[in-house]
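One structure below.
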Amino acid sequence: KLVYTLDLVGDPESDIVGYRAHSRGRVLDLSKRNYYAPDDFFEPIHRPASGEICICKGEFVLLRTHERIRVPPHLAAEVKALDGRSGNFFAHKAGFIDSGYGYGENGSALGLPITLEVSAVGRNIILRDGQRICRVAFERLRKPPVKAYAGNYTKPRLLPKQFRAA
């Protein structure tokens with residue numbers, strides 16, 4: 001199992017390091033692609049000068065890891081929680097990483113960061129850049145898929161495929 005850390009520095013081309021979901025309760029049509037404006041559902045989290053952010057109890061936040069991952073076609077991966085001593089938060093609500101994620105055609109890609117769905121549990125929590133946030137376990141597949149991963153996250157991207165690029 002590998003341990004991954006939180007990235008609150010982000011891409012040099014943008015100061016957005018994450019997104020905090022609004023609590024307006026709007027419903028998404030999951031069949032739509034590049035359809036919704038991010039601001040209708042999320043507030044951008046800008047690179048914090050302090051290197052830390054607060055996530056309030058019950059909030060839902062999208063963040064990503066510093067490290068990149070390459071999942072070869074004969075493996076799949078699962079994002080798992082750290083032990084309770086790391087803080088009271090979940091960073092893995094959508095915890096499966098598809099075979100071929102960040103791998104590219106014939107292994108040509110250099111990997112991708114993991115987009116994490118993070119929620120504070122029971123109380124507000126401070127998260128810091130470089131903090132250990134999750135671990136990843138790999139599982140061998142019975143047989144490789146016919147087609148490698150070519151989904152939404154073929155480039156570093158925080159928002160799901162239903163949203164237009166911010």
Side-chain angles (χ1 to χ4, degrees), residues 2-71 77-98 101-102 109-136 149-166:
L2 300 173
V3 175
Y4 285 74
T5 60
L6 181 62
D7 181 4
L8 293 179
V9 173
D11 186 335
E13 296 177 19
S14 170
D15 73 335
I16 295 175
V17 297
Y19 287 93
R20 189 179 314 269
H22 295 308
S23 59
R24 296 186 192 134
R26 291 192 52 199
V27 177
L28 284 176
D29 179 345
L30 297 178
S31 69
K32 304 276 187 192
R33 299 291 182 263
N34 296 310
Y35 182 79
Y36 296 103
D39 292 343
D40 289 345
F41 291 83
F42 295 98
E43 168 193 337
I45 299 171
H46 298 276
R47 183 181 303 112
S50 65
E52 61 186 37
I53 61 170
C54 178
I55 298 178
C56 295
K57 174 185 170 184
E59 282 187 320
F60 176 85
V61 178
L62 295 174
L63 299 168
R64 68 176 144 208
T65 61
H66 268 294
E67 298 79 13
R68 293 172 171 258
I69 187 170
R70 293 175 73 225
V71 183
E78 183 178 3
V79 177
K80 297 186 173 251
L82 295 170
D83 64 42
R85 294 174 288 186
S86 298
N88 202 13
F89 61 91
F90 288 114
H92 64 290
K93 291 186 175 213
F96 293 99
I97 302 172
D98 292 321
Y101 177 83
L110 299 176
L112 293 168
I114 301 169
T115 298
L116 302 167
E117 298 175 351
V118 181
S119 294
V121 179
R123 61 188 169 92
N124 299 351
I125 190 164
I126 301 290
L127 295 177
R128 293 173 177 84
D129 181 60
Q131 176 177 339
R132 294 166 41 129
I133 189 99
C134 66
R135 58 194 173 100
V136 174
Y149 179 84
N152 183 50
Y153 297 99
T154 54
K155 298 177 185 167
R157 179 180 168 145
L158 276 163
L159 292 173
K161 57 189 159 227
Q162 290 80 16
F163 293 91
R164 295 189 296 262

*Examine distances only and state if a side-chain atom of R135 and a backbone atom of A81 form a donor-acceptor pair shorter than 3.5 Å.*
yes
_Using 0.5 Å steps for rounding, measure from the CZ atom of R68 to the NE2 atom of H66._
12.0 Å
*Within residues 30-53 or reaching into it, pairs that qualify as salt bridge (Lys or Arg N to Asp or Glu O under 4.0 Å) - sequence neighbours excluded*: R26-D40, E52-R128
_Using side-chain heavy atoms (C-beta onward) and a distance below 4.5 Å, is L28 in contact with F41?_
yes
*Under the ring-ring contact (aromatic ring centres under 6.0 Å, His included) rule, collect the residues that match up with Y4, sequence neighbours excluded.*
none
*S119 side chain to E59 main-chain N or O, any donor-acceptor pair under 3.5 Å?*
yes
*Would you say R70's side chain and A109's backbone share a donor-acceptor pair under 3.5 angstrom?*
yes
*What distance separates I114 CD1 from Y101 OH, expressed to the nearest 0.5 Å?*
7.0 Å
*Quick one: closest heavy-atom pair of C54 and N124, and the distance?*
SG-CB, 4.1 Å
_Do V71 and D98 make a side-chain contact, defined as non-hydrogen atoms from C-beta onward lying under 4.5 Å apart?_
no
*Side chains of T65 and L116: does their closest heavy-atom pair fall under 4.5 Å?*
yes
*Please answer whether the main-chain N or O of L6 pairs with a side-chain N or O of Q131 as donor and acceptor at a distance below 3.5 Å.*
no
*asked:* Nearest 0.5 Å, please: how far is SG in C56 from CZ in R123?
replied: 12.5 Å
*Please tell me if the side chains of L63 and L8 come closer than 4.5 Å, counting only heavy atoms from C-beta onward.*
yes
_Looking at E67 and T5, would you say the former's side chain and the latter's main chain have a donor-acceptor pair under 3.5 Å?_
yes
*Under 4.5 Å between any side-chain heavy atoms of I55 and I53, yes or no?*
yes
_Sub-4.5 Å side-chain heavy-atom contact between P160 and T115_ = no
*Using modelled atom types only, decide if a donor and an acceptor are shared between the side chain of H46 and the backbone of I16 within a distance under 3.5 Å.*
no
*Spell out, as yes or no, whether a donor-acceptor pair under 3.5 Å connects the side chain of N34 to the backbone of R164.*
no
*To the nearest 0.5 Å, what is the distance between CZ (F42) and CZ (R20)?*
12.0 Å
